[in-house]
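See below for the structure under consideration.
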Amino acid sequence: MNGTDLASVLAGARLLPVLTVPCTAAAGPLAEALAAGGARCAEVTFRTPDAEQVLKAMAAHGGLAVGAGTVLTPEQAERAVAAGARFVVSPGFDEEVVAKCRELRVPVVPGIATATELMRALKAGLDTVKLFPAEPLGGLRTLRALAAPFPRTRFVPTGGIDASRLAAYLADPAVLAVGGSWMATAAHLERGDYEEIRRLTAEAVERSMT
């Protein structure tokens with residue numbers, strides 16, 4: 001899509017922190033902690049009432065390419081992009097969400113769990129999908145089985161992945177980036193433990209570059 005594909009937005013970053021942020025007040029300190037840890041992108045899930053404002057505040061930070069996750073409807077996609085989202089991630093494949101993101105000229109990464117869903121995404125002209133939920137579906141074994149008949153597809157596995165599994169996923173040539181929430185969990189945010197978020201992010205970024 002010439003500049004509107006996810007690889008261009010991520011600019012080589014292979015770690016995608018997936019964030020469910022309970023309040024707007026956490027957005028600034030969280031963005032600072034992630035950027036200080038070396039993260040270059042982040043996904044803010046639309047699972048909380050403040051998600052739109054959190055995304056806007058994190059996008060304004062300037063140090064991160066921020067996208068919107070758990071986008072379920074075209075209307076949510078439109079709101080997310082208006083708030084500054086540079087990419088959109090959905091847990092499943094929805095033609096209307098894909099069409100709206102095309103209209104808005106932002107990369108969209110739909111979730112898939114089966115070969116049939118992957119074929120629908122490919123038919124829609126997409127070459128990058130999210131394998132979700134990756135670990136419950138069988139992890140790398142499932143990813144490799146899906147990638148074999150579709151060698152040009154790039155995957156962003158997300159769901160149940162932690163620091164111990166990061167390197168194994170990134171070693172697979174079909175994997176563009178890995179999404180995970182272990183760097184900034186609900187418990188970290190509840191405690192305001194931004195130093196621990198920075199530390200875990202730095203550790204994960206280092207693993208992603210080896």
Side-chain angles (χ1 to χ4, degrees), residues 1-21 24 27 31 34 39-134 146-147 150-159 174-179 181:
M1 286 189 283
N2 188 26
T4 59
D5 62 289
L6 185 65
S8 296
V9 172
L10 298 185
R14 306 195 67 204
L15 177 71
L16 181 60
V18 178
L19 314 168
T20 301
V21 186
T24 307
L34 291 170
R40 302 210 301 270
C41 57
E43 174 189 328
V44 175
T45 64
F46 265 48
R47 298 181 189 176
T48 66
D50 286 355
E52 197 170 341
Q53 294 304 313
V54 168
L55 194 156
K56 184 178 294 186
M58 292 191 69
H61 176 270
L64 300 167
V66 183
T70 321
V71 172
L72 307 178
T73 67
E75 186 266 342
Q76 280 186 328
E78 197 157 18
R79 284 167 41 210
V81 173
R86 294 187 54 195
F87 58 92
V88 168
V89 183
S90 182
F93 180 82
D94 183 278
E95 290 88 347
E96 293 183 356
V97 171
V98 170
K100 175 56 70 174
C101 291
R102 282 264 173 80
E103 179 186 322
L104 297 169
R105 296 191 57 75
V106 294
V108 57
V109 187
I112 64 98
T114 66
T116 299
E117 292 167 347
L118 176 52
M119 289 177 71
R120 288 175 65 201
L122 293 173
K123 187 175 181 179
L126 303 174
D127 58 11
T128 302
V129 295
K130 175 171 82 165
L131 178 64
F132 179 79
L146 286 169
F150 307 104
R152 296 183 181 178
T153 304
R154 307 297 301 280
F155 293 85
V156 182
T158 307
V175 173
L176 174 65
V178 171
S181 59

Pair up each side-chain donor or acceptor in residues 123-133 with any protein partner under 3.5 Å, not counting sequence neighbours, and list the distances.
none

Without placing hydrogens or testing angles, list every side-chain donor-acceptor pair under 3.5 Å for residues 78-85, not counting sequence neighbours.
{"residue": "R79", "atom": "NE", "partner": "E52", "partner atom": "OE1", "Å": "2.9"}
{"residue": "R79", "atom": "NH1", "partner": "E75", "partner atom": "OE1", "Å": "3.3"}
{"residue": "R79", "atom": "NH1", "partner": "E75", "partner atom": "OE2", "Å": "3.4"}
{"residue": "R79", "atom": "NH2", "partner": "E52", "partner atom": "OE1", "Å": "3.0"}

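Each salt bridge (charged side-chain N to carboxylate O under 4.0 Å, His left out) pair with one or both residues in residues 108-117, not counting sequence neighbours, would appear here, but there are none. Among residues at least two apart or in separate chains, side chain to side chain donor-acceptor pair (under 3.5 Å) pairs with a member in residues 83-97 are E95-R120.
At a threshold of 4.5 Å between non-hydrogen side-chain atoms, the residues F150 and L122 count as touching. Using a 4.5 Å heavy-atom cutoff, the side chains of L72 and P91 are in contact. Under the 4.5 Å side-chain criterion, counting only non-hydrogen atoms from C-beta, I112 is in contact with L146. A heavy-atom distance below 4.5 Å is found between the side chains of M58 and V44. By the 4.5 Å heavy-atom criterion applied to side chains, V156 and L6 are counted as neighbours.
Taken from CG in L16 to CZ in R40, the straight-line distance is 12.0 Å, to the nearest 0.5 Å. Between F93 atom CZ and T114 atom OG1 the span is 11.5 Å, to the nearest 0.5 Å. Between atom CZ of residue R154 and atom CG of residue D5 there is a gap of 10.0 Å, rounded to the nearest 0.5 Å. Note: T153 OG1 to M119 CE = 10.5 Å, rounded to the nearest 0.5 Å. Separating the SG atom in C41 from the CG atom in L15 is a distance of 6.5 Å, to the nearest 0.5 Å.
Under the side chain to side chain contact (heavy atoms under 4.5 Å, CB included) criterion, A51 pairs with F46, T48, sequence neighbours left out. Listed by chain and number, the residues in a side-chain hydrogen bond (donor to acceptor under 3.5 Å, both in side chains) with T20 are T45 (sequence neighbours excluded). In this structure, A99 has no side chain to side chain contact (heavy atoms under 4.5 Å, CB included) partners at least two apart in sequence or on a different chain. The side chain to side chain contact (heavy atoms under 4.5 Å, CB included) check on A147 picks up F155, A174, with sequence neighbours excluded. With sequence neighbours excluded, no residue forms a side-chain hydrogen bond (donor to acceptor under 3.5 Å, both in side chains) with T24. Under the side-chain hydrogen bond (donor to acceptor under 3.5 Å, both in side chains) criterion, K100 pairs with E103, not counting sequence neighbours.
For the pair A27 and A57, the tightest heavy-atom approach, listed with the atom from each and the gap, is CB-CB, 3.6 Å. Between A177 and A13 the shortest heavy-atom distance is CB-O, 4.2 Å. Residues A77 and L104 come closest through the heavy atom pair O-CD1, 4.0 Å. Contact between V97 and P74 at its shortest, heavy atoms only, is CG2-N, 3.9 Å.
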Side chain to side chain contact (heavy atoms under 4.5 Å, CB included) assessment of L34 paired with L19: CA-CA 11 Å; L34 291 170; L19 314 168; 3.7 Å; yes

Please lay out, stage by stage, how F87 and V106 fare under the test side chain to side chain contact (heavy atoms under 4.5 Å, CB included). CA-CA 5 Å; F87 58 92; V106 294; 5.7 Å; no

